[in-house]
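The structure displayed is predicted, hence computed values, not measured ones. Numbers restart at 1 for each chain; the letters A, B, ... are given by sequence-line order, proteins then strands.
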Amino acid sequence: MAEIAEDGGGGHGKGGKKRAKKQSTKIDMTPMVDLAFLLLTFFVLTSTFSKPKSMELTFPAPPENIQDQPPIKNGITMLLTKDDRIFYYEGEFRAEADDKGPKTELKELTFSQGEGGLHKYLGEKNKWLHDQVKELDKKLEAKQMADTTYKRLVKQAKADKTTPTFLIKTDDKATYKNVIDLIDELNINIVGKYVVVDIMKSELDMINEKTGG
Amino acid sequence: MSKKPSKGGAPSLDMTPMVDLAFLLVTFFMLTASFRMAEPVTVDPPSSIGQVTLPDNHIMVTIDDKGRLFFGISNSTAKMAALRQMSDKYGVKFTEEQIKKFSGLPSIGVDLKDLPRYIDASENERTSFQPQKGIPNDTLKNPQLKDWISFAGKEAVMAYNAAKEQAEAAGSDFKAEKPRYAIKCDGKTKYILVKDAIKTFTDLKIYQFNLITSLEGGGTVTNPQP
């Protein structure tokens, strides 16, 4: 690889270099440096993109006895279906109107940012918790609070009974991307409680009625 | 590039520090780089704001857009042990050499009875290997995925505990993490297929997952729908 620079390493436009009488022992390092940088570039480019990111998610354990399930307070059910459509309803599901409330009507949301979008809806629904956490963030940043206190208070705020719980249900036509996008949007809006669960037959019928399939 | 100062000649520069630095960086990147073989299938996971990097010690199920299941373990010791147990249970024989070769493979997506042939195939042949139908996950008749997960999970925890004990006995720091379960899935996959895979995990009383996503383009804006 290395050559003794006896005739100026070659390629120097201005010929007739001044030389010492003693033979030079300097080595032309250019090829070695070229190689070093080539390798460097290769490793830099191949190594940086290799670590994938992930999203941690806990799925509910199936209940041992369905009757034992406590009813969910402040529940908002999100139903995902084909063509990236989202339907939702608040509170309990009622197939027919009864003394507790009217028949459940599905409303629609989109994945967009603007009016009628998921982002806006979640922002309104989760305003209290969002503001609480932001407040705590500020305090943490201003060093008015210890890390551990911050974590404890955030956890407490997220578990607060007044915050909504989101139930994510999908029919057989929704894609994985829809689910991830929805969970991601929930995370962006600092929603404390959400869970992915199975859809009920009555809900499925209602979606099919809406989407016509 | 003579170092000797010459009047009016090309200005010379001492490159030694630069070369030192270049080689230092080369060495660093060479040592930190982890080489992986090409996965048998390309999946394009949806993006999210998730910042958690995938733990090094993981057991991963990959689901492609057609719902084929692929299985991989990062820990090669556990991988070999899991294959031995699978071999016992399904009566498919593997040579020691095949087991060793298997430990270096990325995720696999073939039926166990085709696995010896898959292991022996060359890297190029593997990409077009037939039948690569994904790991069978028939809960009643052929619960191969479930067995893979269950055997690999147990082995990975055992390997973790062994490493921990060894480190404690030697009094050195122990940095490894407990194995985690990861699911990597294509964005276009129907969620119902993912649900089946998750059901396999929950049947084994595994409820916590790392869902692998690609990094969001930046900011907190989600992708607008086309």
Side-chain angles (χ1 to χ4, degrees), chain A residues 5 8-9 12-14 16-20 24 26 28-30 32-33 35-37 39-40 42-44 46-47 50-62 80 83-84 110-113 118-119 170-181 183-185 187-189 196 198, chain B residues 1-4 6-10 15-16 18-19 22-23 25-26 28-30 32-36 45-55 63 182 184-195 198 201-202 205 207-216 220-225:
Chain A
H12 287 290
K14 291 173 191 169
K17 260 196 167 183
K18 259 193 180 175
R19 299 234 128 253
S24 168
K26 295 276 180 274
D28 184 8
M29 288 201 286
T30 326
M32 184 178 74
V33 177
L35 190 73
F37 274 102
L39 285 173
L40 183 60
F42 170 73
F43 282 110
V44 168
T46 49
S47 67
S50 61
K51 269 249 151 154
K53 298 278 178 225
S54 72
M55 177 194 264
E56 284 181 0
L57 190 61
T58 308
F59 281 83
L80 296 166
D83 304 329
D84 303 328
T110 59
F111 275 108
S112 68
Q113 294 290 315
L118 180 64
H119 187 76
T170 59
D171 71 355
D172 50 357
K173 294 179 205 87
T175 62
Y176 179 67
K177 184 180 189 306
N178 295 150
V179 179
I180 294 295
D181 280 351
I183 296 173
D184 201 32
E185 196 63 63
N187 282 334
I188 289 168
N189 284 289
V196 185
D198 290 347
Chain B
M1 278 239 187
S2 162
K3 261 190 88 179
K4 204 169 167 67
S6 54
K7 286 168 206 156
M15 287 202 291
T16 327
M18 184 179 75
V19 177
F23 273 105
L25 288 173
V26 168
F28 170 74
F29 280 110
M30 251 167 110
T32 52
S34 56
F35 286 97
R36 282 181 298 175
S47 64
S48 85
I49 57 157
Q51 289 294 316
V52 189
T53 46
L54 177 70
I63 309 165
K184 185 178 182 183
C185 180
D186 198 284
K188 291 186 290 293
T189 317
K190 294 266 178 283
Y191 184 72
I192 196 152
L193 298 168
V194 185
K195 202 153 104 183
I198 289 170
F201 280 104
T202 49
K205 303 212 184 313
Y207 304 115
Q208 271 196 323
F209 303 102
N210 282 46
L211 303 179
I212 295 173
T213 54
S214 60
L215 206 55
E216 193 97 310
T220 52
V221 181
T222 44
N223 293 344
Q225 294 305 309

Quiz item: Given the options Val33(A), Asn187(A), Thr175(A), which has more heavy-atom pairs under 4.5 Å with chain B than any of the others?
Solution: Thr175(A)

Quiz prompt | Side chain / backbone / both / neither for Lys184(B) at chain A, heavy atoms under 4.5 Å | solution = neither

Exercise. Please round to the nearest 0.5 Å and tell me the distance separating atom CD1 of Ile198(B) and atom CZ of Phe59(A).
Key: 3.5 Å

Quiz item: Quick one: what part of Lys188(B) sits under 4.5 Å from any heavy atom of chain A, side chain, backbone, both or neither?
Solution: backbone

Self-check item: Pairs of heavy atoms under 4.5 Å with chain A: top-ranked of Pro45(B), Ala22(B), Cys185(B)
Solution: Cys185(B)

Quiz item: What part of Ile63(B) lies closer than 4.5 angstrom to a heavy atom of chain A: side chain, backbone, both or neither?
Solution: neither

Practice problem: Pick whichever of Asp171(A), Val196(A), Leu39(A), Asp172(A) has the most heavy-atom pairs under 4.5 Å with chain B. | Solution: Asp172(A)

Quiz item: Going from CG on Asp181(A) to OG on Ser47(B), what distance comes out if it is rounded to the nearest 0.5 angstrom?
Solution: 6.5 Å

Practice problem: Output the distance between atom CG (Leu54(B)) and atom CD1 (Ile212(B)), rounded to the nearest 0.5 Å. | Solution: 4.5 Å

Quiz prompt | Heavy-atom contact with chain A under 4.5 Å, split by part of Val194(B) | solution = side chain

Quiz item: So, do Phe37(A) and Met18(B) sit near enough that their side-chain heavy atoms are less than 4.5 Å apart?
Solution: yes

Quiz item: Any side-chain heavy atom of Gln208(B) within less than 4.5 Å of one from Glu56(A)?
Solution: no

Quiz item: Which bit of Leu40(A) comes within less than 4.5 Å of chain B, counting heavy atoms only: side chain, backbone, both or neither?
Solution: both

Self-check item: Among Leu211(B), Val26(B), Ile192(B), residue most engaged with chain A (heavy-atom pairs, under 4.5 Å)
Solution: Leu211(B)

Quiz item: Are the side chain of Thr170(A) and the backbone N or O of Leu80(A) linked by a donor-acceptor pair below 3.5 Å?
Solution: no

Quiz item: Should Lys177(A) and Asp84(A) count as an ion pair when the cut-off is N to O under 4.0 Å?
Solution: no

